[in-house]
Amino acid sequence: MELSTMLFIFASLLFIIVLFRTFIKPYYVSKRKDLPLPPGSMGWPYIGETFQMYSQDPNIFFADKIKRYGSMFKSHILGCPCVMISSPEAARFVLNKAQLFKPTFPASKERMLGKQAIFFHQGEYHANLRRLVLRTVMPEAIKNIITDIESIARDSLASWQGRSITTFLEMKTFTFNVALLSIFGKDEVHYREDLKRCYYTLEKGYNSMPINLPGTLFNKAMKARKEIAEMVEEIIVNRREKKKEHKDLLGSFMEEKAGLTDEQITDNIIGVIFAARDTTATVLTWIVKYLGENPTVLQAVTEEQEAILKRKEESGEEKGLNWEDTKKMPITSRVIQETLRVASILSFTFREAVEDVEYQGYLIPKGWKVLPLFRNIHHSPDNFKEPEKFDPSRFEVAPKANTFMPFGSGIHMCPGNELAKLEILVLLHHLTTKYRWSVLGAKNGIQYGPFALPQNGLPITLYPKK
Ligand code: HEM
């Protein structure tokens with residue numbers, strides 16, 4: 001054999017060994033040889049099974065895997081080895097053992113939202129932020145903003161009346177305005193349009209390639225982010241000058257005891273808008289769809305809401321909803337719960353193992369991603385009878401422990417769930433008592449972007465009731 005051929009073979013072998021030790025071994029070979037990895041397949045090196053998962057409805061991919069390997073299986077997506085879990089107990093374990101599993105996001109998302117935003121942290125800083133957010137969105141606090149939420153709902157619905165609208169787009173404006181109200185209180189009206197313009201540019205960059213060159217979506221998004229930061233800074237400076245106490249989220253973040261820098265405040269304000277707007281708007285869009293398809297349920301909700309109006313009228317009570325009224329809406333509340341279950345807008349979330357973890361005799365290696373599959377838990381016949389059927393009455397009985405987690409679980413569980421439910425109730429009160437609607441175009445189909453959403457955002461025409 002010629003020397004050059006021998007050298008070529010030697011160099012190739014060396015390359016393969018280096019490649020294996022650097023990229024493949026840490027992922028595929030467990031340090032704890034005594035424990036097996038969960039069953040499953042890893043697909044092609046690096047690409048893994050990303051195409052299989054995203055070229056179809058991801059739920060078909062998950063259902064197929066669960067059938068083949070059981071409720072816990074390994075895979076490889078978006079360049080990362082991962083373990084997917086679909087049993088309520090395993091999901092609870094992963095979400096509640098924060099010391100073993102940390103939240104994880106793509107780096108581009110971290111740059112857009114800001115590194116200091118609540119989602120990316122654990123420990124003392126995270127606990128402090130959670131406390132500051134929770135005290136402005138817990139029932140005691142949001143009771144005081146019902147009238148303002150109601151006026152946003154009324155104005156929104158009046159502006160859709162007699163028009164063909166895309167439900168999701170209009171709901172996004174409604175939930176955006178409610179988010180701004182809870183963050184900036186009444187100050188928001190002066191900044192609403194500018195914040196909206198910038199935030200719409202920012203969101204286009206969330207899922208773009210992180211290339212920061214003039215003209216790219218990412219570059220435009222980063223510029224819009226800077227503009228939002230400047231507006232927040234202006235409001236902060238104004239408030240410091242006036243020394244007035246504010247009970248909104250910005251007021252909570254600005255308290256001296258909170259100990260946050262202006263940069264930390266801005267990152268978390270952008271973070272809360274991100275967490276609050278599309279989630280709630282998507283759920284509202286699904287509710288409009290399900291109510292339209294289930295006339296008996298719509299009738300029951302309408303009667304419940306009309307009964308509230310009638311009782312207030314008869315007792316001479318002040319017009320407009322109050323906190324007690326919203327506690328007298330059990331049927332409407334069950335519609336929200338059932339929509340959260342069937343639509344499962346957040347199909348799954350991501351965590352990362354911070355050390356080798358043993359679970360049910362299997363190894364979850366350090367650095368692997370772990371995905372609790374909310375949608376599969378909500379759609380398993382073991383947890384919900386006839387899971388594909390929209391049946392709000394199933395929530396007359398509480399679901400089995402850990403089988404219903406639309407707001408997550410553990411220390412990162414959604415702090416905004418009470419606010420979300422309140423704004424949905426208020427909008428539904430006005431929608432069902434004053435309006436009717438018809439769906440336009442194709443009625444079925446789901447699009448993912450990233451939340452599961454009715455096809456084309458559900459175009460409808462809204463009419464006032466006679
Ligand atoms: C129906 C609407 C909503 C749904 C379905 C929803 C769902 C969720 C879920 C599942 C998580 C946990 C994610 C994880 O563990 O990886 C979460 C976190 C979060 N949500 Fe919501 N959310 C909604 C509305 C809101 C609203 C209105 C706010 C406004 C305050 C909000 C603020 C947050 C924040 C700040 C976090 C991060 C908490 C942390 O990391 O400690 N969400 N949400």
Side-chain angles (χ1 to χ4, degrees), residues 92 94-105 107 109-145 178-185 187-188 195 199 202 225 228-240 242-277 279-280 346 349-352 354-355 405 407-422:
R92 195 191 137 75
V94 169
L95 295 172
N96 285 272
K97 294 265 182 235
Q99 69 280 21
L100 299 179
F101 301 98
K102 65 173 186 188
T104 165
F105 291 83
K109 196 145 251 164
E110 214 171 293
R111 277 177 74 185
M112 292 273 158
L113 295 174
K115 314 194 268 306
Q116 319 261 20
I118 183 165
F119 320 98
F120 314 122
H121 294 270
Q122 305 257 71
E124 220 174 291
Y125 175 67
H126 172 259
N128 184 33
L129 283 173
R130 244 187 114 73
R131 183 181 60 81
L132 299 170
V133 174
L134 268 169
R135 67 179 184 185
T136 54
V137 288
M138 63 186 190
E140 262 330 292
I142 54 179
K143 267 178 191 180
N144 305 318
I145 57 166
V178 174
L180 292 193
L181 172 76
S182 65
I183 296 169
F184 300 112
D187 286 355
E188 54 99 19
L195 283 167
Y199 190 80
L202 175 62
R225 195 188 185 287
I228 296 177
E230 282 161 7
M231 275 184 258
V232 174
E233 188 60 37
E234 203 175 296
I235 305 175
I236 293 177
V237 170
N238 255 326
R239 285 193 177 189
R240 283 204 184 111
K242 293 194 180 128
K243 293 198 170 96
K244 208 176 123 209
E245 201 201 338
H246 291 267
K247 295 218 176 298
D248 46 39
L249 185 63
L250 179 60
S252 178
F253 283 160
M254 280 180 67
E255 239 187 45
E256 228 166 273
K257 271 193 283 171
L260 298 183
T261 63
D262 291 2
E263 197 191 337
Q264 288 170 331
I265 294 178
T266 305
D267 286 3
N268 282 287
I269 281 175
I270 295 175
V272 168
I273 299 176
F274 166 77
R277 192 194 63 169
T279 46
T280 319
L346 213 72
T349 189
F350 284 96
R351 293 289 185 272
E352 185 182 311
V354 291
E355 56 185 74
M405 40 179 97
F407 293 105
S409 178
I411 64 160
H412 289 279
M413 185 182 160
C414 180
N417 69 83
E418 290 290 344
L419 175 62
K421 285 184 263 182
L422 178 67

| message | Quiz question: by atom type and distance under 3.5 Å, do the side chains of S252 and R135 form a donor-acceptor pair? | response | yes
| query | Under a 4.5 Å cut-off applied to non-hydrogen side-chain atoms, are L195 and F184 in contact? | reply | yes
| Approximate separation, where rounding is to 0.5 Å, of M254 CE and I235 CD1 | 10.0 Å
| field | Test item: L260 and L129 side chains (from C-beta on) under 4.5 Å apart, heavy atoms | value | yes
| request: Assess whether side-chain contact (heavy atoms from CB on, under 4.5 Å) is satisfied between M112 and L202, documenting all intermediate values. | output: CA-CA 7 Å; M112 292 273 158; L202 175 62; 3.7 Å; yes
| message | I'd like to know if the side chain of N268 reaches the main chain of Q116, judged simply by a donor and an acceptor atom lying under 3.5 Å from each other, with no hydrogens or angles considered. | response | yes
| query | Between the side chains of T136 and D248, is a donor N or O closer than 3.5 angstrom to an acceptor N or O? | reply | no
| Roughly how far, to the nearest 0.5 Å, is NZ of K115 from CD of E110? | 8.0 Å
| Would a 4.5 Å heavy-atom cut-off, applied to side chains only, mark D267 and R225 as touching? | yes
| remark: Closest non-hydrogen contact found for A258 with L132 is CB-CD1, 3.7 Å
| query | For the ring pair F350 and F105, is the centre-to-centre distance below 6.0 Å? | reply | no
| query | Are there more than 12 heavy atoms of other residues, nucleotides or ligands under 6.0 Å from atom NZ of K109? | reply | yes
| message | According to ring-ring contact (aromatic ring centres under 6.0 Å, His included), who are the partners of Y199, at least two apart in sequence or on a separate chain? | response | F176
| field | Gap separating the CD1 atom of I270 from the CD1 atom of I183, nearest 0.5 angstrom | value | 10.0 Å
| Validation row: L250, H246 side chains within 4.5 angstrom (heavy atoms) | no
| task | Rounded to the nearest 0.5 Å, what's the gap from CZ on F120 to OG1 on T104? Could you check? | result | 9.5 Å
| Student check: side-chain heavy atoms of E233 and D262 closer than 4.5 Å | yes
| query | Around E255, counting heavy atoms of other residues, nucleotides and ligands shown, do more than 12 lie under 6.0 Å from its CD? | reply | yes
| said: To the nearest 0.5 Å, what is the distance between CD on Q264 and CD1 on I118? | reply: 12.0 Å
| note | Residue set satisfying salt bridge (charged side-chain N to carboxylate O under 4.0 Å, His left out) with E256, at least two apart, ordered chain then number -> none
| query | What distance do N96 atom CG and I411 atom CD1 have between them, rounded to the nearest 0.5 Å? | reply | 9.0 Å
| said: Counting only heavy atoms from other residues, nucleotides and ligands, does the tally under 6.0 Å from CD of Q99 exceed 12? | reply: yes
| said: How about NZ on K143, more than 12 heavy atoms from neighbouring residues, nucleotides or ligands closer than 6.0 Å, or not? | reply: yes
| message | For E263, run the side chain to side chain contact (heavy atoms under 4.5 Å, CB included) check against I265, T261, T266 and tell me which one passes. | response | T261
| Pairs in or reaching into residues 122-145: which pass ring-ring contact (aromatic ring centres under 6.0 Å, His included), with residues at least two apart or in two chains? | H121-Y125, H126-H412
| remark: Taking every heavy atom of N417 against every heavy atom of C414, the minimum-distance pair comes out as ND2-O, 2.9 Å
| query | Is the closest side-chain heavy-atom distance between R239 and K244 below 4.5 Å? | reply | no
| query | Are the side chains of R130 and V133 in touch, meaning some heavy atoms are under 4.5 Å apart? | reply | no
| Pairwise side-chain contact, V178 with T280, heavy-atom cut-off 4.5 Å (strictly under) | no
